[in-house]
Structure formats: structure tokens, C-alpha cells
Amino acid sequence: MLLFPILFDNYSLIKRFNGATIIQYKCWVQSAGEVKCPILQNRFIRIEVPNHSSSVDGNISSTSCLMNLVTSLPVDVAAHLIGRWLPIDAVCMLEIALCSAEFRRSLMAIFERCILHSNLSLTRKQFAKWQVDWLEKRKVKVSQLSIGTSLSELECQELAKVLSRSASVLTSIEIKKQPHFGVLVEFLSTHCVHLIVLQVNGCELTSHFWELLAKLTSLKVLKINKCTAPWRSCEGLKVRCPSVLQLSITGDVDCEIEVALMRACCNATWFLREDGGEVDLGDIPATLQTLIVRNCDDAMFFGSFPISLTRVCIANTYLIVNDFEDLLHQSLHITHLNLIKMNCAGFDESIIDDIADAYSNTLEEFSASHCVHLTEAALTNLCTKCVHLHTLNISGNSHLPNSIYRTILNALPHLDCLNISNMNVSDAALRRIARSSLKTLIMLETTGYTADGLMALVDGCKCLSVIHISGDLINSAVVRMWERLRPNLEIMDE
């Protein structure tokens, strides 16, 4: 059954009830007044499509009715529906279903006006040529493209010819491990300057790439993963791409590339560096608001931290304590600070005290997950001083005593979210949590409690709307019982 469960610009909602698909849409409205489509007698039309077991007028099958529905819609309406709400495989299935010559001609006309907004992924080499041929023959445009299979130089050129039709609407492209990356880059540089998202994985960033970057004046998101560059090719580069707001660098990337990218994206507000070795973050943009560093061997800051920073996440990365103290002194408006597995030398409870002093008036979310140096005294001091905290994550700190939960909730009576995963929690602690105003509680793989403590939590914590919970005491029967007791409580096991 063809069903578009959506509400879109000038057309009303499509519903299903009593075994039928009810489709309702209204005609086009222009600034000069309402214009009725030729196929409509009234401004609104209602079409009922019965199940396959029934028929219309006794002799027209529901499949034929659906075919008529698609091909009798105004071409722009049908093209909008197909392009916006159907994935590529569903579009192909629709084409197979419309097997008569008449329907085919109508569908080809729709395809020529169609822009596929679902991601077109070229991931299997044996199918890539067929996909490109399909696009060429049907003159379909695409707005998102992922090239995940290695293409020859000739195949790259053929793809470029096909995509030239989509040049004005192609907004997102991902290119993975292309030996002839330069051919694609030259095409993008000539035709697709309206890109908003560009992802490059495992390619060599030659001079053509940097020339492309300078031309992409609409680019907002740039993601680079495990890329290399010719020896010393990035030295002295003065390429700028000021439109980029989000920059992501993942995997082992040459230090020269890191520096060149950070300098090129001079107005970025969001930056991620992940899965790297020794990374140099001395050239992060001065406009940065969000900084995320995850799973890097060593992070070095030789410059200054932006005063505009409000969100910082440092996870499983060695960081020199002096650099972190510079962050506290230079970025004074941090609202979200997430420190995960920060077990660096010198990172002790005194650092937590410094955080409490630096951000007592701004901190809203704080994580100190799997931090062996986190103490009850330091956490108590932070909760007492940072009264604006609404989200707290202390997961993985099983060395903390159960008295810490009472201390936290007494100091932060308006706390909304608490993460105590991989912790030891007693029934008494759960009863104290049950008297709180928490809205979200995360206790995955948490131990130490019994069924009595759980029931006290579910019965007592009336503000609780979401709970993430897993463990030996949680099974389908317990979940069903909770659903009956608290129908508005969302229970999640991840």
C-alpha cells in the first residue's frame, strides 16, 4: 500500500482508518489568488483507496487505483511526494508497479521534475553503474549523494556528467576512499558550489581540494576523516572558507591538515576532534562555542581558548593539567562541561574545586564520568556552588559512597537529569531519589538495589518521565507492571 504519512506545505494530512488509505490535498495557492488544479472539481478532494481484497466499482483493483492516484496528481505535487518522502528503493518499486506504457510515460514526466531528497548511496561497485544509468535515463535530480565504492577515472567522469543536472540542488555529498578524488573535486568545484555538507573519508587532499573549499561559499558542515596530503602541500596555505560553522576531524590526520582546516574554517562555532593520535589544537577558531575532543592520545593547546566557548567535552584523552587550567581562566562562560575518563596525572579533586569556583554562576550541565580522582568532598563542593546545574553525570564512579546521592539532591533540589550508570546504589538511596523532582534518571548496569527499592522509586518519583535502566532485576514482566502503574513513564533499556 502506498502511504505518505506526512503534512506538507500546501497539502493536508494523509490518514489510514477502517482498512483504507485516506488521501486529502488542496490545490495550489498563488499570491494573486487561489488557482484550482484542472483535475479537481473543488478546492479539496478526498480519495479512498481500499485494501487489495476489495475493489473500486467492482472491477478496478486497488493497485490500479494507486497507479491512477500517482499519475493523476499534478506533476509538481507527485514529484514533491516522491522526491521528498520516498527512499530510492521505494521509487524503483513504484516504477516497477507502474508497468503499462501510459503509466510509464506519466511517471517519466514526474521523474524529470523530481528531486530525490533521500540519500543516494553508491556503495557496491557492481550496482554503481546501474544506479548512474538509472539517474541518466530518468533525468532525476538528487540532493544528497554518498560515494562509498571505488570508481575508475572513467566512472568518475560519467558520474560527473549525470550529476551536472543536479548541480543547483545537490547540497550534501560524501566521498569515501576515491583513488581519482581529484576528478570529482574538479567537477564539484565547477558545478556544485551550493554544497552545504561535505564529507571526505580516506582521500588525499591535493591542491584541487583546497581550491574547492575556497569556492564553497554556502558550505556549513565540513567532515574530514583519515585523510592525507602530499608532503608539505599544506604549508603556507591561506585558503579561507568562512561560511563553515561545523568542522569535524576524525581518525589519524596529518598535523598539517589539522592546522590548515582550523585556519580555513575561521568562523566555525562547533568543532570535533576524534580518534586521533597526538593532536594540535592551538589554532581552534576564536568564534568557537562548542569543543569536543574524544579518544585522542594527547591533546595539546599552544594558543588561547576562545572566550566564546560555552560547551566543552573532553573524553578519554590525555590533557596536560596546565592546559585545562588555562581553559578555566580564559573561557569564562562555560555552561556544559563533560569530562569522561579524565585520569591524567595531576587531575585531582583540586581541579573539580577550580571548576566550581570558575563556573558557579554559569554551569548547567556537568559530567565527571569514570574519573577515579573524583571525591565526595569535591562533588559536594561543586553541587553546593553551581546552583544552576540541571544535568549531572557521575556514572562509572563506583568508589563514591551512597551518601553522595542525598548530598547531591539536597544541594540541587531542581536537578532535572541524573546519570548514575555503573554505580552502586542502595535501596535507601533510591528512596531518597524517589522524593526528588528528577525528570530523567539513567541507571544502566547499576547494582546494589533490590526490587523494594525499585518499587519505591517508581511509586514515589512523580516527576520522573524517562528512566534508562538495565540489570538482572529488569525483565519484560517488570516493564509491563511499570507501564500499568505509570503509563506516562518512558522506560528505556539503553
Side-chain angles (χ1 to χ4, degrees), residues 5-6 87 270 272 274 290 292 294-295 311-316 335-342 363-371 374 379 383 388-400 402 404-409 411-494:
I6 44 94
W270 187 96
L272 166 68
E274 186 174 31
T290 299
I292 304 170
R294 289 196 298 242
N295 303 325
R311 296 170 181 257
V312 175
C313 175
I314 302 175
N316 197 27
T335 60
H336 295 65
L337 181 60
N338 296 290
L339 307 175
I340 302 171
K341 296 183 179 179
M342 288 291 293
L363 200 60
E364 300 174 5
E365 178 180 312
F366 179 68
S367 296
S369 177
H370 295 87
C371 293
L374 181 67
L379 188 56
C383 292
H388 300 293
L389 272 177
H390 59 68
T391 300
L392 180 63
N393 177 5
I394 56 171
S395 62
N397 294 302
S398 56
H399 61 279
L400 293 174
N402 269 270
I404 193 64
Y405 307 113
R406 180 179 65 253
T407 302
I408 290 171
L409 295 172
L412 299 169
H414 303 296
L415 191 68
D416 288 336
C417 177
L418 178 63
N419 188 338
I420 53 174
S421 298
N422 299 110
M423 299 275 286
N424 185 280
V425 182
S426 65
D427 286 350
L430 287 182
R431 291 189 182 95
R432 175 60 187 90
I433 294 173
R435 298 196 303 273
S436 72
S437 59
L438 283 176
K439 297 176 182 178
T440 301
L441 179 63
I442 306 172
M443 45 187 298
L444 299 172
E445 302 301 327
T446 299
T447 59
Y449 56 86
T450 68
D452 291 339
L454 276 181
M455 286 307 301
L457 173 67
V458 175
D459 284 339
C461 200
K462 300 302 181 184
C463 294
L464 197 64
S465 58
V466 179
I467 182 170
H468 300 252
I469 188 168
S470 63
D472 295 337
L473 294 177
I474 309 302
N475 53 44
S476 57
V478 171
V479 172
R480 285 196 296 271
M481 179 181 65
W482 285 1
E483 288 174 344
R484 288 196 297 270
L485 291 174
R486 297 283 298 273
N488 295 325
L489 178 61
E490 186 178 0
I491 305 167
M492 308 180 71
D493 60 359
E494 58 182 20

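What you see below is based on every heavy atom in this structure, not just the backbone, and it leaves out hydrogens, waters and symmetry mates.
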I'd like to know if the side chain of [X] and the backbone of [Y] have a donor-acceptor N/O pair within less than 3.5 Å.
| X | Y | answer |
| --- | --- | --- |
| S369 | S395 | yes |
| T290 | W270 | no |
| N338 | I340 | no |
| S436 | L415 | no |
| S437 | P413 | yes |
| S470 | E445 | yes |

If I take atom [atom1] from residue [X] and atom [atom2] from residue [Y], how far apart are they, to the nearest 0.5 angstrom?
| X | Y | atom1 | atom2 | result |
| --- | --- | --- | --- | --- |
| H336 | L389 | NE2 | CG | 10.0 Å |
| S367 | M342 | OG | CE | 12.5 Å |
| L418 | D416 | CG | CG | 11.0 Å |
| Y405 | I433 | OH | CD1 | 7.0 Å |
| H388 | E364 | NE2 | CD | 8.5 Å |
| L444 | N419 | CG | CG | 7.0 Å |

Side chains of [X] and [Y], heavy atoms from C-beta outward: is any pair under 4.5 Å?
| X | Y | result |
| --- | --- | --- |
| M455 | L485 | yes |
| H414 | H390 | no |
| E274 | N316 | no |
| I474 | D493 | no |
| T446 | I469 | no |
| R294 | L272 | yes |

Please lay out, stage by stage, how R432 and T407 fare under the test side chain to side chain contact (heavy atoms under 4.5 Å, CB included). CA-CA 10 Å; R432 175 60 187 90; T407 302; over 6 Å; no
Over all heavy atoms of both residues, which pair between [X] and [Y] is shortest? Give the atoms and the distance, please.
| X | Y | result |
| --- | --- | --- |
| C417 | I442 | SG-CD1, 4.3 Å |
| N402 | N424 | ND2-OD1, 3.3 Å |
| I394 | I408 | CD1-CD1, 3.8 Å |
| C383 | L392 | SG-CD2, 4.1 Å |

More than 12 foreign heavy atoms under 6.0 Å from NE2 of H399: is that the case here?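 Counting neighbours around NE2 of H399, more than 12 heavy atoms of other residues, nucleotides or ligands fall under 6.0 Å, so yes.
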Is there a side chain to side chain contact (heavy atoms under 4.5 Å, CB included) between M443 and V425? Walk through the geometry before answering. CA-CA 9 Å; M443 45 187 298; V425 182; 5.5 Å; no
Just distance, no hydrogens or angles: give the donor-acceptor pairs under 3.5 Å from side chains in residues 457-467, sequence neighbours left out.
residue, atom, partner, partner atom, Å
K462, NZ, D459, O, 2.5
S465, OG, K439, O, 3.2

Could you walk me through whether C371 and N397 pass the side chain to side chain contact (heavy atoms under 4.5 Å, CB included) test, one step at a time? CA-CA 6 Å; C371 293; N397 294 302; 4.2 Å; yes
